[in-house]
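Taking it in order: structure first as structure tokens, then the write-up.
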Amino acid sequence: MTQARLQFFNTLGRTLSDFVSIEENKVGFYACGPTVYDYAHIGNLRTYILVDTLRRVLEMNGYDVTHVMNITDVGHLVSDGDTGEDKMEKGSRKLNKSAWEIALYFEKAFFKDLKKLNIKHPTVVCRATEHIQEQIEFILELEEKGFTYKTPDGIYFDTEKLPDYGKLALLDKAGLEAGIRVAMAEKRNPTDFALWKFSGSTKRQMEWPSPWGVGFPGWHIECSAMAEKYLGKTFDIHLGGEDHIPVHHTNEIAQCEAKNGTIQANYWMHGYFLQLNKEKISKSGVSMRLDSVLERGYNPLAYRYLTLTSHYRSHLNFTWEGVSGAQTALRRLKKKIALLPDGGKRDDGFVKQFFEHINRDLNMPKALSLVWKLLDSDVAPANKKATLLWFDQVFGLELDKEELEEKIPQHIVKLADERLQMKKERHFAKADELRDKIVEAGYQVHDLGDSFTLSKM
């Protein structure tokens, strides 16, 4: 069977390109990890489902994958313009815990979310605070090559020294406005960025001695230094959210090319935002954690299913109706598979089609539609099952595990129906009274416009 060529859309150059790894049958890829000052929201988690999908597709194609992910536990300022305080320090003050404590707490919470979503653990997890020396050494080489300058508040990268700075984001340097300058920064160019920030007179929880003075590294330098340590000066794939294109990844490329004279990664891939009412989830003002999905009685894999219905380079609008539909589809799929007999073999025709979809820039919506096409086909039942479970090595939906639907007592359903009717008739006091009865019985009712779901508390 001839297998479809593996192709990815490379943001660097904006082209769909055949994938060719640096080392045969091996792939090194770096995915930007979380800044652990708060819980990850479901928009963040869409990107990590993409990371997992990419890894699974590479492995399906026979590659031995080294997946490196950083933990940003220092250096990420509240502004991409190198102004404001460190997000870890801000989180520490907000929660009245040390920066080290919140870093560990939110890192653990993040990995719990990944596990719930059946996302594979990275091959290497590296924390910025554990690689300070590597970052200092990286900056020293940039300094030796003439790409840095010192200001009263830190060591900066001089983007004017790199003629093609901004090529990833197609930035028009000449047209950029300087914006609001920080007087202490004294940046030479509006695009220059901090490599090392001085602590100054403010005592910080996270600070280290350096050749330039006590301080802490910038956000961009950590990824470049750690990626190089674990993957080399040039590796195969660098992945992150679309918000990384104009600043973070642009600056990573700049400092790596300045230091090494080579491109940091051959393929740059970016997942698009999850939106709520056409606005990025993180800016919507609504706290949307994975627990928000679970509290409404949904399987976390229903959210994973939902993300697979949209291409990673398309914005996905989040609605509770969408999650409900995804859960219904996932339950139906699992039930159908559970009824199929074991002992079959994969169907070559459907396997070929599956590769055509997943290998063309991770077209998961088409791959998912192939599942239902296979179920309705005249392929032998046992072969259907074998093929579908093989597909699931990429989907990660645990299709071999039948989902046990919780039986909600009929009298609770009746109370919820009555409550919905009271709301429609605008008898809100009575509706609240019925909700209290449902809660007293140990259940929660979750409103979905003109309908509802019920879950056990």
Side-chain angles (χ1 to χ4, degrees), residues 3-11 16-17 19 21 27-34 40 42-69 110-111 113-123 236-242 244 265 267-274 290 293 299-316 318 322-323 326 329-330 333 351 353-371 388-400:
Q3 189 170 303
R5 299 193 314 273
L6 183 56
Q7 298 178 309
F8 298 131
F9 183 83
N10 194 346
T11 307
L16 184 67
S17 309
F19 176 72
S21 59
V27 172
F29 91 88
Y30 186 95
C32 286
I42 57 174
N44 301 137
L45 294 173
R46 184 193 185 194
T47 299
Y48 296 110
I49 293 171
L50 165 61
V51 170
D52 189 55
T53 302
L54 170 63
R55 175 175 173 176
R56 289 169 180 266
V57 168
L58 289 166
E59 290 173 344
M60 180 71 83
N61 278 271
Y63 288 101
D64 178 13
V65 179
T66 300
H67 167 203
V68 179
M69 187 185 75
F110 171 75
F111 281 114
D113 282 347
L114 296 199
K115 188 172 182 180
K116 290 171 186 174
L117 289 166
N118 197 26
I119 292 173
K120 293 186 176 186
H121 197 80
T123 315
D236 294 300
I237 303 171
H238 200 314
L239 189 150
E242 63 173 307
H244 288 154
Y267 299 84
W268 292 78
M269 300 176 68
H270 295 91
Y272 279 37
F273 294 144
L274 183 72
L290 185 61
V293 176
N299 184 330
L301 294 182
Y303 176 63
R304 181 172 182 127
Y305 185 103
L306 177 66
T307 67
L308 297 177
T309 64
S310 177
H311 194 273
Y312 77 90
R313 285 191 291 110
S314 299
H315 291 133
L316 172 60
F318 179 88
V323 181
L330 183 59
L333 178 56
V351 166
Q353 290 181 68
F354 189 69
F355 272 119
E356 287 172 357
H357 297 324
I358 66 173
N359 282 9
R360 189 167 176 80
D361 198 31
L362 311 181
N363 196 329
M364 303 314 294
K366 283 196 172 182
L368 204 55
S369 69
L370 191 66
V371 167
L388 288 166
L389 295 184
W390 183 79
F391 286 178
D392 198 42
Q393 292 179 72
V394 169
F395 293 136
L397 294 171
E398 298 184 341
L399 296 180
D400 58 334

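G28 approaches D236 most closely through the heavy-atom pair N-OD2, 3.0 Å. Taking all atoms of both residues into account, the shortest heavy-atom contact from N61 to L6 is ND2-CD1, 4.1 Å. The nearest pair of heavy atoms linking E242 to Y272 is OE2-CA, 3.4 Å. Residue C32 comes nearest to H244 through the heavy atom pair CB-CE1, 3.6 Å, listed as atom of the first residue, atom of the second, then distance. The minimum heavy-atom distance between R304 and F395, with the atom names listed, is NE-O, 2.8 Å. Considering all non-hydrogen atoms of both residues, R56 and N118 come closest at NH2-O, 3.0 Å.
Between the CG atom of L368 and the CG atom of L333 there is a distance of 8.0 Å, given to the nearest 0.5 Å. From K116, atom NZ reaches atom CG of L290 across 6.0 Å, with rounding to the nearest 0.5 Å. Here the CG-CD1 distance, from N363 to I358, works out to 10.5 Å after rounding to the nearest 0.5 Å. The CD1 atom of I42 sits 12.0 Å away from atom OG1 of T47, with the distance rounded to the nearest 0.5 Å. How far CG of L50 is from CG of L45: 12.5 Å, rounded to the nearest 0.5 Å. The CD atom of Q3 sits 6.0 Å away from atom CG of N359, with the distance rounded to the nearest 0.5 Å.
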request  = Check the pair L397 / L330 against side chain to side chain contact (heavy atoms under 4.5 Å, CB included), numbers first and verdict last.
outcome  = CA-CA 8 Å; L397 294 171; L330 183 59; 4.2 Å; yes
message = Assess the residue pair I119 and I49 against the criterion (side chain to side chain contact (heavy atoms under 4.5 Å, CB included)); give the C-alpha distance rounded to whole Å, side-chain angles, the decisive distance to 0.1 Å, and a yes or no.
response = CA-CA 7 Å; I119 292 173; I49 293 171; 3.9 Å; yes
Stepwise side chain to side chain contact (heavy atoms under 4.5 Å, CB included) check, V351 with F354 = CA-CA 5 Å; V351 166; F354 189 69; 5.5 Å; no
request  = Start with the C-alpha distance between R360 and L16, add both sets of side-chain angles, then the distance that settles side chain to side chain contact (heavy atoms under 4.5 Å, CB included), and finish with yes or no.
outcome  = CA-CA 9 Å; R360 189 167 176 80; L16 184 67; 3.5 Å; yes
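D392 meets the salt bridge (charged side-chain N to carboxylate O under 4.0 Å, His left out) test with no other residue; sequence neighbours excluded. Residues passing the side-chain hydrogen bond (donor to acceptor under 3.5 Å, both in side chains) test with D113: none are found, sequence neighbours excluded. E59 is linked by a side-chain hydrogen bond (donor to acceptor under 3.5 Å, both in side chains) to R55, K120, counting only residues two or more places apart in sequence or in another chain. Every residue two or more places apart in sequence or in another chain that forms a side-chain hydrogen bond (donor to acceptor under 3.5 Å, both in side chains) with Y305 is listed here: W372. Under the rule for a side chain to side chain contact (heavy atoms under 4.5 Å, CB included), the partners of R5 that lie at least two apart in sequence or sit in another chain are Q7, D18. Scored by the side-chain hydrogen bond (donor to acceptor under 3.5 Å, both in side chains) test, N10 finds no partners at all (sequence neighbours excluded).
Taking the six-membered ring where the residue is Trp, Y48 and F110 present perpendicular rings, their angle passing 60° and hence far from 30°. Using cut-offs of 30° and 60° on the angle between ring planes, the pair H315 and F273 is parallel. The aromatic rings of H270 and W268 sit parallel to each other, their planes meeting at less than 30°, with 60° as the upper class boundary.
Heavy atoms from other residues, nucleotides or ligands lying under 6.0 Å from CZ of R313 number more than 12.
Using a 4.5 Å heavy-atom threshold, the side chains of H67 and L54 count as separate. A heavy-atom distance below 4.5 Å is found between the side chains of I237 and V27. Looking at L399 and V371, their side chains never come closer than 4.5 Å, going by heavy atoms from C-beta outward. Inter-residue side-chain proximity for D361 and M269 is flagged as met; some heavy-atom pair is nearer than 4.5 Å. Inter-residue side-chain proximity for L308 and T53 is flagged as met; some heavy-atom pair is nearer than 4.5 Å.
Checked against a 6.0 Å centroid threshold, the rings of F8 and Y312 do not count as neighbours. Under the 6.0 Å cut-off for aromatic ring centres, Y63 and F19 qualify, their centroids lying closer than that.
Looking at F29, Y267, Y30 one by one, the single match for ring-ring contact (aromatic ring centres under 6.0 Å, His included) with H238 turns out to be Y30.
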